[in-house]
Asks: 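What follows is a single structure, and I will ask about it in a moment.
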Amino acid sequence: MVFYRKDQESQQLTDEERRKKKMKWTIGITAFVIFQVVQALFFVLVIMKFKSPKFRVSEFDIQSLNVGTQASPSFDMTFVAPIRIKNTNWGPFKYGASTVNFTYGGVQVGQAIIPKSKANFKSTKKINVDVTVSSTSLSADLKSTLGNQLGSSVITLKSQGELNGKITVMFMFKKKKTSRMNCTMEINTSTKTVQSLHCD
Ligand SMILES: *[C@@H]1O[C@H](CO)[C@@H](O)[C@H](O)[C@H]1NC(C)=O
Ligand SMILES: *[C@@H]1O[C@H](CO)[C@@H](O)[C@H](O)[C@H]1NC(C)=O
Ligand SMILES: *[C@@H]1O[C@H](CO)[C@@H](O)[C@H](O)[C@H]1NC(C)=O
């Protein structure tokens, strides 16, 4: 009788143990699956999220600026344009040679050459380019607009450019991306400074 009960007890214990073991396995497998899903989600949502690098001109000092008068409007300006390519991706962005056009009223007044290179992962590539802008190619209409702007001592310039390149994540996942620059800057002709600079 005693023996029988003991036997039953040990039988119960092994059942309990088996259940615990099974539970452990279930928890282990579930945790592993969750870990895999989280990892896959992280990979897809963070690592594999290819974003166009930001391409812009940042604040700069004007080296020289000569302007005409309201009656005889013109400008000549030199500066070092700090071109910035901000790559937030988890891989380098390799881009081809390009140009940044400085325009006044839609007409090109200067240019900056961007040599072929790359912006490393999670970093900003900095290129400083000497730029000369001049009003010589402006039409009569634009010259009269310029005359009005000079009357209020301001010149509005735009810089536009396009970088075509490829982002490579983890050495094998590649995606082509185009970064567009579209900046507008107001030059104060009395202080000879960049009064405002705004990029899309
Ligand atoms: C810049 O100007 C050149 C011509 O001088 C043109 O081929 C190019 O498309 C222009 N780039 C942009 C982004 O407007
Ligand atoms: C550049 O930005 C201005 C606004 O700041 C916008 O009106 C214009 O359409 C943009 N041009 C391009 C080519 O994206
Ligand atoms: C140019 O800068 C001066 C000094 O900061 C300021 O008084 C003037 O209003 C500015 N001009 C324009 C057109 O904003």
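Atoms within each ligand, like the ligands themselves, are counted from 1 in listed order.
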Asks: Under 4.0 Å from ligand 1, counting heavy atoms only, is it the side chain of Met181, its backbone, both or neither?
Replies: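 The answer is neither; Met181 stays 4.0 Å or more away.
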Asks: Below 3.5 angstrom, do we get any N/O pair linking Asn101 and ligand 1?
Replies: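 Yes; the residue has a nitrogen or oxygen that sits under 3.5 Å from a nitrogen or oxygen of the ligand.
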Asks: How about Phe55 and Tyr95: are their ring centres within less than 6.0 Å of each other?
Replies: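 Distance test on ring centres: not under 6.0 Å, no.
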Asks: For Lys49, is the NZ atom crowded, meaning more than 12 foreign heavy atoms sit under 6.0 Å from it?
Replies: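 No, because the 6.0 Å sphere around NZ of Lys49 holds 12 heavy atoms or fewer from other groups.
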Asks: Side chains of Arg56 and Ser58: closer than 4.5 Å at any heavy-atom pair?
Replies: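 Of all side-chain heavy-atom pairs linking Ser58 with Arg56, at least one is under 4.5 Å.
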Asks: If we only count heavy atoms from C-beta on, is the Val107 to Ser139 side-chain gap below 4.5 Å?
Replies: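 Of all side-chain heavy-atom pairs linking Ser139 with Val107, none is under 4.5 Å.
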Asks: Can you name the residues that form a side-chain hydrogen bond (donor to acceptor under 3.5 Å, both in side chains) with Thr26, not counting sequence neighbours?
Replies: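 If we apply the side-chain hydrogen bond (donor to acceptor under 3.5 Å, both in side chains) test to Thr26, skipping adjacent residues, there are no hits.
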Asks: Run the numbers for me: atoms of ligand 1, each under 4.0 Å from some heavy atom of Gln111, listed by number.
Replies: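 Result: 5 (O).
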Asks: Starting from the N and O atoms of ligand 3, find every protein N or O within less than 3.5 Å and list the pair with its distance.
Replies:
from: ligand 3; atom 1: 2 (O); to: Asn188; atom 2: ND2; distance (Å): 2.2
from: ligand 3; atom 1: 11 (N); to: Asn188; atom 2: ND2; distance (Å): 3.0
from: ligand 3; atom 1: 14 (O); to: Gln195; atom 2: OE1; distance (Å): 3.2
from: ligand 3; atom 1: 14 (O); to: Gln195; atom 2: NE2; distance (Å): 2.9

Asks: Taking C-beta and beyond as the side chain, do Phe75 and Val133 meet within less than 4.5 Å on heavy atoms?
Replies: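 A side-chain contact under 4.5 Å exists here.
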Asks: Just to verify, what does Gln195 make a side-chain hydrogen bond (donor to acceptor under 3.5 Å, both in side chains) with, not counting sequence neighbours?
Replies: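 Applying side-chain hydrogen bond (donor to acceptor under 3.5 Å, both in side chains) to Gln195 gives Asn188.
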Asks: Holding to side-chain hydrogen bond (donor to acceptor under 3.5 Å, both in side chains), I want the full list of residues that pass it with Ser72, two or more places apart in sequence or in another chain.
Replies: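 Partners of Ser72 under the side-chain hydrogen bond (donor to acceptor under 3.5 Å, both in side chains) test: none.
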Asks: What atoms of ligand 1 come within less than 4.0 Å of a heavy atom belonging to Gly161?
Replies: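 Those of ligand 1 that fall under 4.0 Å from Gly161 are 13 (C).
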Asks: Taking distance alone, with no angle check, do Glu162 and ligand 1 share an N/O pair under 3.5 Å?
Replies: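 So ligand 1 has no N or O lying under 3.5 Å from an N or O of Glu162.
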